Amino acid sequence: MIRWIKYLTNSSPEEVMSIAQEDQIFADILEAEKMFVRNREEMLKYEARERYEMDCASLKSDGIEEGKQIGREEGAKSKTIQVAKKMLKQGLDDKLIMLCTEISETELSDLKQRLKDN
């Protein structure tokens with residue numbers, strides 16, 4: 001396990017060579033790594049794929065956060081409408097309802113109409 005950690009963290013080129021000399025698996029890995037680095041086209045493809053994966057992860061994360069924010073806003077608006085409905089049913093003054101819920105006169109008028117239609 002310690003050799004893997006040393007190899008993967010590239011402690012130093014000397015340590016990596018030492019590990020490769022002691023264990024054939026590491027020697028094979030080191031050789032494959034050298035071949036990969038020598039093949040510029042493959043390396044560029046790999047780097048492009050890595051950038052693509054990171055961009056996708058970033059966009060996904062941004063999208064999730066945006067979705068959460070939209071959900072919070074919609075939930076808050078829904079709660080505000082519920083409170084306004086209760087206030088209307090209690091017969092409270094329109095100005096008081098608009099003051100307490102911060103809904104516009106148009107929104108309140110629309111809400112009244114919907115309640116009337118139901």
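Since we're looking at a predicted model, the values are computed, not measured. Side-chain atoms are counted along with the backbone in the values below, which use heavy atoms only and exclude waters and symmetry mates.
Note that CG of Leu96 is 12.0 Å distant from CD of Gln90, once rounded to the nearest 0.5 Å. A distance of 14.5 Å separates CD in Glu73 from NZ in Lys68, rounded to the nearest 0.5 Å. Separating the CG atom in Asp110 from the CD1 atom in Ile103 is a distance of 9.5 Å, to the nearest 0.5 Å. To the nearest 0.5 Å, the span separating CG on Asp94 from CG on Leu111 amounts to 10.0 Å.
Here side chain to side chain donor-acceptor pair (under 3.5 Å) pairs that include residues 75-88, with residues two or more places apart or in two chains, are Lys77-Glu107.
Using a 4.5 Å heavy-atom threshold, the side chains of Ile25 and Ile29 count as touching. Contact check for Arg114 versus Asp117: no side-chain heavy atoms found under the 4.5 Å cut-off. Counting heavy atoms from C-beta outward, Met87 and Asp93 have side chains that stay 4.5 Å or more apart.
Annotation for Glu41: atom CD does not count as buried by contact number, only 12 or fewer foreign heavy atoms lying within 6.0 Å. Taking a 6.0 Å sphere around CD of Glu53, one finds it holds more than 12 heavy atoms contributed by other residues, nucleotides or ligands. More than 12 heavy atoms of other shown residues, nucleotides or ligands fall within 6.0 angstrom of atom CD in Glu50.
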(Q) side chain to side chain contact (heavy atoms under 4.5 Å, CB included), that's the test. Do Thr101 and Leu108 meet it? Break it down for me. (A) CA-CA 10 Å; Thr101 61; Leu108 184 58; over 6 Å; no

Q | Candidate pair Arg49 and Lys45, rule side chain to side chain contact (heavy atoms under 4.5 Å, CB included), full reasoning | A | CA-CA 6 Å; Arg49 181 69 183 175; Lys45 284 181 187 177; over 6 Å; no

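Using modelled atom types and a 3.5 Å distance limit, the side chains of Glu65 and Gln69 yield no donor-acceptor pair.
Between Ala20 and Ala27 the shortest heavy-atom distance is O-CB, 3.4 Å.
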